[in-house]
Amino acid sequence: MTTAPTTHLDWPFLDASHRALAEQAARWVATQAIDDTDPDTACRAWVRALGQAGFLRHAVPAPWGGAHATIASRDLCVLRETLAAHHALADFAFAMQGLGAGALALAGDEALKQAWLPKVASGEAIAAFALSEPNAGSDAAALTMRATRVGDGWRLDGEKMWISNGGIADFYCVFARTDDAAAPAKGITGFLVPATTPGLRIAERIDVISPHPLARLAFEGCVIPDAHRLGAPGEGFALAMRTLDIFRVSVAAAAVGFARRALHETLTHADARAMFGGTLSAQPLAQAILGDMATDLDAAALLTYRAAWQRDVQGGRTTGVAAMAKLGATELAQTIIDRAVQLHGGEGVRVGRIVERLYRDVRALRIYEGASEVQRLVIGRETLRGARETR
Ligand code: COS
């Protein structure tokens, strides 16, 4: 593809290293020819290729094969934006390595991190994050999967739903209830479960409108050692939320990537499409729609890179700005891409057209890693918290 304009890379939230990373990734991804007919095969191939090219080093911290001491949000964002603009599965494969290994990097013990994180960074192991259940999606603290103490380890029983990389992952970071007496969010603990653990099986493969590996997992008497526990008992819910705080902003970046590609495709189409004795781009109504798309794209990107910059540079709790970025960017991207389809006319809904694919690719982003409604709730709570702290 010809690349969409990337003048946003000159914004003050980013520096020369981010521009170089984005350019390197854009050059690299444009040369990749991975067939996406079978999502499992394609994802495995993308993980290997991203690992070999060094990009997965940005998904884990430095002591275990990563590029920086802690995961750099702006690196995650420029990479996800760039990959998403080219191939949804390339972005998915990159993103899930980070999310899937995030709780391990934050709370696993040293030997466990040494065993898995370098392989995540090199693309030799595939990671997955397993929080949601059939009856616990937005209300994550309502999860019922159980972990029971047995000897020197734990026995896991229950189900996990909507698990990305389910079926191809080498390990799952799983959240299970360990204390019924505690408040719902205080009785949960994180565990690393290798995919080869007896009693773990793929109960259902789930097909979605933008195909990627996705499954319901069943755990029936899975026994793992205590050394596979992620953090202290009872701290699993906060661990899951801290993991999501890091990666939610990168979902926003993927949305920006899809939307930037859609605008780029639409600008090219509008100049070429003959209409009313001129071109589509000569129509004032089309110009106004393109103006709305460009404005919304910059708003989405500003929210995204502000949040990433704040986490990288200012530090502290970035829950609110990350949620704003995810809410704002995914909702705006959906609107931008819908307008792109509209301006493409009938061609916009023809199966196989780029904007048709983007229309399907962007939809799940408003749902996974915290639906838009959850982000609104989080933003409201964080805004109240901020106001109370300054009173
Ligand atoms: N960082 C650290 N700790 C956090 C945290 C964060 N971002 N968010 C919550 N916690 C802690 C809280 O501090 C609280 O402990 P204290 O009472 O000691 O302060 C505890 O966790 C419970 O938090 P809260 O009261 O906010 O829990 P709720 O059940 O009300 O959470 C929402 C509600 C909706 C915000 C939460 O369930 C959520 O984010 N749901 C979406 C889950 C999701 O993204 N699912 C998709 C999975 S990946 S595809």
Side-chain angles (χ1 to χ4, degrees), residues 70-71 73 80 91-92 95-103 105-107 127-145 159-166 169 172-179 182-190 206 208 210 212-217 230-252 254-255 307 310-311 315-327 330 363-386 388-389:
T70 55
I71 290 171
S73 285
R80 286 203 67 177
D91 166 59
F92 171 86
M96 289 307 134
Q97 288 295 89
L99 179 67
L106 285 172
F129 179 77
L131 176 66
S132 298
E133 296 184 0
N135 291 313
S138 290
D139 186 5
L143 64 85
T144 59
M145 180 162 166
E159 283 198 340
K160 290 291 170 185
M161 185 68 177
W162 308 116
I163 306 309
S164 289
N165 279 345
Y172 299 87
C173 287
V174 174
F175 298 85
R177 188 159 304 285
T178 47
D179 184 352
K186 301 291 184 181
I188 294 168
T189 306
I206 306 166
V208 285
S210 174
H212 63 265
L214 191 67
R216 176 166 60 90
L217 312 178
L230 303 175
E235 292 181 4
F237 182 80
L239 174 62
M241 295 300 119
R242 283 163 56 212
T243 308
L244 289 167
D245 274 355
I246 298 172
F247 293 98
R248 273 178 180 159
V249 64
S250 79
V251 180
Q310 194 164 319
R311 180 166 174 278
R317 184 167 164 129
T318 52
T319 306
V321 289
M324 275 188 201
K326 184 179 185 285
L327 172 70
T330 59
R363 186 61 184 87
L365 275 57
R366 290 166 56 210
I367 300 171
Y368 71 57
E369 289 183 48
S372 288
E373 293 70 20
V374 166
Q375 306 311 322
R376 293 163 66 197
L377 181 90
V378 170
I379 296 162
R381 288 180 181 184
E382 291 296 312
T383 307
L384 283 164
R385 178 207 297 268
R388 285 173 190 147
E389 279 171 5

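Sequence positions, counted from 1, serve as the residue numbers for this chain. Each ligand, and each atom within it, is numbered from 1 in the order the structure gives.
For the pair Ile163 and Leu214, the minimum side-chain heavy-atom distance is 4.5 Å or more. Put simply, the side chain of Leu239 reaches to within 4.5 Å of the side chain of Leu230, judged on heavy atoms. Within the 4.5 Å cutoff, the side chain of Val174 has heavy atoms near those of the Met145 side chain. In this structure the side chain of Phe247 reaches within 4.5 angstrom of the side chain of Glu369, judged on heavy atoms. At a threshold of 4.5 Å between non-hydrogen side-chain atoms, the residues Met324 and Val378 do not count as touching.
Atom CG of residue Asp91 and atom CZ of residue Arg80 lie 4.0 Å apart, to the nearest 0.5 angstrom. We find the CE-CG distance between Met161 and Asn135 to be 10.0 Å, quoted to the nearest 0.5 Å. Remark: Leu244 CG to Lys326 NZ distance equals 9.5 Å, nearest 0.5 Å. Interatomic distance, OH of Tyr368 versus OG of Ser132, reported as 12.5 Å (0.5 Å rounding). Phe129 contributes atom CZ, which lies 4.5 Å from atom CG of Leu131 (distance to the nearest 0.5 angstrom).
For ligand 1, the atoms sitting less than 4.0 Å from at least one non-hydrogen atom of Leu244 are 43 (C), 44 (O), numbered in the order shown with element in parentheses. Those atoms of ligand 1 that come under 4.0 Å of a heavy atom in Phe129, given as number and element, are 48 (S). Near Arg248, with a cut-off below 4.0 Å to any heavy atom, the atoms of ligand 1 are 39 (O), 41 (C), 43 (C), 44 (O). Every atom of ligand 1 is numbered from 1 in the order shown, and the set under 4.0 Å from a heavy atom of Arg242 is 1 (N), 2 (C). Every atom of ligand 1 is numbered from 1 in the order shown, and the set under 4.0 Å from a heavy atom of Ala185 is 22 (C). For ligand 1, the atoms lying closer than 4.0 Å to a non-hydrogen atom of Ala141 are 29 (O). Close contacts of ligand 1 with Val374, meaning ligand atoms under 4.0 Å from a residue heavy atom, involve 34 (C), 38 (C), 39 (O), 40 (N), 41 (C). Below 4.0 Å from some heavy atom of Val378 lie the following atoms of ligand 1, by number and element: 35 (C).
At a distance under 4.0 Å, a protein heavy atom can be found next to atom 40 (N) of ligand 1.
By heavy-atom distance, the residue among Ser138, Ala136, Gly370 lying nearest atom 38 (C) of ligand 1 is Ser138. The option with the heavy atom closest to atom 32 (C) of ligand 1, from among Leu377, Ile246, Asp139, Ile188, is Leu377. With atom 45 (N) of ligand 1 as the reference point, the heavy atom nearest to it among Gly137, Ala130, Gly320 is part of Gly137.
Atom 5 (C) of ligand 1 has its closest protein heavy atom at Met241 CB, 3.4 Å. With hydrogens left out, the protein atom closest to atom 13 (O) of ligand 1 is Arg317 NH1, 4.7 Å, a heavy atom. Protein heavy atom nearest atom 11 (C) of ligand 1, with residue, atom name and distance: Ala238 CB, 4.2 Å. For atom 49 (S) of ligand 1, the nearest protein heavy atom (residue, atom name, distance) is Glu369 N, 3.3 Å. At the shortest separation from atom 19 (O) of ligand 1 among protein heavy atoms lies Lys186 NZ, 4.5 Å. Of the protein's heavy atoms, Arg381 NH1, 4.1 Å lies nearest to atom 25 (O) of ligand 1. Considering only non-hydrogen protein atoms, atom 47 (C) of ligand 1 sits nearest to Ser132 OG, 3.6 Å.
Between Asp245 and ligand 1, an N or O atom pair is found at a separation short of 3.5 Å. For a threshold of 3.5 Å applied to N or O pairs, the pair formed by Tyr368 and ligand 1 contains no separation below that value.
The pair Glu159-Arg216 meets the salt-bridge criterion, with a side-chain N (NZ, NE, NH1 or NH2) lying under 4.0 Å from an Asp/Glu carboxylate O.
Contacts of Glu133 with ligand 1, taken as heavy-atom pairs under 4.0 Å, are absent altogether. Contacts between Phe237 and ligand 1 below 4.0 angstrom, taking non-hydrogen atoms only, involve the side chain exclusively.
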>> As a quick check of understanding, evaluate salt bridge (charged side-chain N to carboxylate O under 4.0 Å, His left out) for Arg317 and Glu382, giving each step before the final call.
In response: CA-CA 10 Å; Arg317 184 167 164 129; Glu382 291 296 312; 2.9 Å; yes
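Listed by chain and number, the residues in a salt bridge (charged side-chain N to carboxylate O under 4.0 Å, His left out) with Glu133 are Lys160 (sequence neighbours excluded).
Between Ala323 and Gln375, the shortest heavy-atom contact is CB-OE1, 3.2 Å.
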